[in-house]
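Everything quoted here is computed from the prediction, not taken from an experiment.
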Amino acid sequence: MATNTSICGICSLRQITQTSKHWCPQCEEALCDECRDHHKLLKVTRSHEPIPISDYKSIPSFITDIQQSCIYHNEQYQQYCVEHALPICFKCINDHRKCNVTTLEKIINNVKTSEQFLDLESRLGDLLQNIDQIKKDRNSNVTNIEETKTRLVKEIRQKRAEINKRLENLEKQIIKDLDKKACQNCESIQNVLSSVKEKEIIISKCQENFEKMKQYASDLQTFLGMNEIEVKVYENEQYLQSMKEAKR
């Protein structure tokens, strides 16, 4: 992220302090209204699509911190090494002569409508739906346990009227055992629900970050940011699968 996104970067170069209202993802620079208008007219930048600075600030930091230029040669990424899954500049080519290298434009073209992107978006939604279902299942289990406990206690008390006084101690012991089992089971389920809630918060944040990335991030930021989100999605998919299997 830029050092100061509140000040127009172009005006700063002219020793002028002007509040920025726009952000150009391609140039990675904050712009005031006047510089944004000039930006649209210049042949080199007229195809760029600046976004409101407020929208840019809402993008997750792990997205905005993604480098869009080579840290070794200070040049824009133009190529992509398939073997290393790495964007590279033209000067990096020497280090990847034996690799399968293609243009970065080809790799990121229409990335937000790609099958991988849409699949990740769908999986995020599925994860939240599965979390909701697990919560409902566990809450239903708690209700069933309480209902079972109530039913058994009632049966025991009905028997109490029919049997000898000598069984009074046995009745108390059985009720005690039932309370203990119900408490243990409920506590176990509450622990599961607590863990699931933590996963829900993580995935909800991923989905929020994904939507911000979808709306405001550049194609390169989207392409690279997807990998980090996908790691979390995969981890939580595995976790939820284990939870669903445990239910069975």
Side-chain angles (χ1 to χ4, degrees), residues 1-3 5 23 25 28 51-68 71 77 80 82 84-87 104 107-108 110-146 182-248:
M1 185 179 288
T3 302
T5 58
W23 177 264
E28 295 189 284
I51 61 176
I53 198 72
S54 59
D55 289 345
Y56 172 73
K57 290 181 177 179
S58 71
I59 300 176
S61 60
F62 84 93
I63 295 297
T64 57
D65 288 343
I66 292 175
Q67 291 288 336
Q68 298 192 79
I71 61 175
Y77 290 132
Y80 185 79
V82 178
H84 295 94
L86 186 72
L104 186 59
I107 291 294
I108 67 175
N110 297 322
V111 66
K112 292 186 180 180
T113 57
S114 67
E115 182 178 348
Q116 182 183 7
F117 183 89
L118 296 177
D119 177 65
L120 184 57
E121 184 177 30
S122 175
R123 287 162 64 191
L124 282 167
D126 290 344
L127 278 171
L128 289 177
Q129 288 182 3
N130 288 334
I131 285 175
D132 184 61
Q133 186 60 50
I134 288 174
K135 288 167 60 182
K136 290 179 180 178
D137 290 342
R138 269 32 180 201
N139 283 321
S140 176
N141 288 345
V142 171
T143 299
N144 290 337
I145 289 171
E146 292 297 335
C183 181
Q184 290 174 342
N185 288 330
C186 289
E187 181 179 357
S188 177
I189 291 173
Q190 290 300 331
N191 289 336
V192 172
L193 287 172
S194 176
S195 176
V196 169
K197 182 62 178 177
E198 292 177 2
K199 299 297 183 182
E200 181 181 26
I201 292 172
I202 293 173
I203 296 304
S204 294
K205 185 63 178 178
C206 283
Q207 188 175 53
E208 178 184 344
N209 290 341
F210 188 92
E211 289 300 321
K212 295 298 183 181
M213 178 178 70
K214 177 179 179 182
Q215 296 178 47
Y216 309 123
S218 69
D219 286 345
L220 177 56
Q221 290 174 329
T222 298
F223 176 74
L224 298 177
M226 283 166 57
N227 293 331
E228 182 169 337
I229 294 179
E230 185 151 9
V231 169
K232 294 182 180 179
V233 168
Y234 176 79
E235 291 175 352
N236 284 279
E237 284 175 333
Q238 297 300 307
Y239 172 81
L240 290 179
Q241 182 61 35
S242 68
M243 295 296 296
K244 292 170 72 175
E245 292 175 355
K247 178 189 171 186
R248 298 191 187 101

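Summarising the geometry of I63 relative to A217, their closest heavy-atom pair is CG2-CB, 3.7 Å, with the distance given to 0.1 Å. Residues K212 and P60 share a closest heavy-atom pair of CB-CD, 3.7 Å. Closest of all the heavy-atom pairs between Q221 and T64 is NE2-CA, 3.9 Å. Heavy atoms only, all atoms of each residue included: Y239 and K199 are closest at CE2-CG, 3.5 Å. Pairing each heavy atom of N236 with each of I202, the nearest pair is ND2-CG2, 4.2 Å. Closest heavy-atom contact between L120 and E230: CD1-CA, 3.9 Å.
A 4.5 Å side-chain heavy-atom check between E121 and E211 finds at least one atom pair inside the cut-off. For the pair L224/L220, a side-chain contact is recorded, criterion being any heavy-atom separation below 4.5 Å from C-beta on. Looking at heavy atoms from C-beta onward, C186 lies in side-chain contact with E146 at the 4.5 angstrom threshold.
Summarising the geometry, atom CG belonging to L193 is positioned 10.0 Å from atom CG belonging to D137; distances are rounded to the nearest 0.5 Å. Interatomic distance, M213 CE to S218 OG, rounded to the nearest 0.5 Å: 10.5 Å. We find the CE-CD1 distance between M226 and I229 to be 8.5 Å, quoted to the nearest 0.5 Å. A distance of 12.0 Å separates CG of L240 from CD of Q129, quoted to the nearest 0.5 Å. Here CG of N191 is found 12.0 Å from CZ of R138. Values are rounded to the nearest 0.5 Å.
Panel note: side chain E200, backbone L127; no donor-acceptor pair is recorded below 3.5 Å. With hydrogens and angles disregarded, no donor-acceptor distance shorter than 3.5 Å links the side chain of D132 to the backbone of L128. Side chain of D55 to main chain of I51: no donor-acceptor pair is present (N/O by atom type, distance under 3.5 Å, no hydrogens or angles). Of the possible polar contacts, one joining the K112 side chain to the K214 backbone as a donor-acceptor pair under 3.5 Å is found. At distances below 3.5 Å, at least one donor-acceptor pair connects side-chain atoms of T143 with backbone N or O atoms of N139. In this structure a side-chain-to-backbone donor-acceptor pair under 3.5 Å is missing from S188 to Q184.
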If you apply the rule salt bridge (Lys or Arg N to Asp or Glu O under 4.0 Å), what do you find for K232 with E235, and how did you get there? CA-CA 5 Å; K232 294 182 180 179; E235 291 175 352; over 6 Å; no
- Could you walk me through whether V196 and K135 pass the side chain to side chain contact (heavy atoms under 4.5 Å, CB included) check? CA-CA 7 Å; V196 169; K135 288 167 60 182; 3.9 Å; yes
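For D119, the salt bridge (Lys or Arg N to Asp or Glu O under 4.0 Å) partners two or more places apart in sequence, or in a different chain, are R123.
Ring geometry for Y80 against F223 counts as perpendicular: the plane angle is over 60°, on a 0 to 90° scale with 30° as the lower cut.
Residue E115 qualifies as open at atom CD: its count of foreign heavy atoms under 6.0 Å is 12 or below. The environment of CZ in F62 is crowded: more than 12 heavy-atom neighbours from other residues, nucleotides or ligands sit within 6.0 Å.
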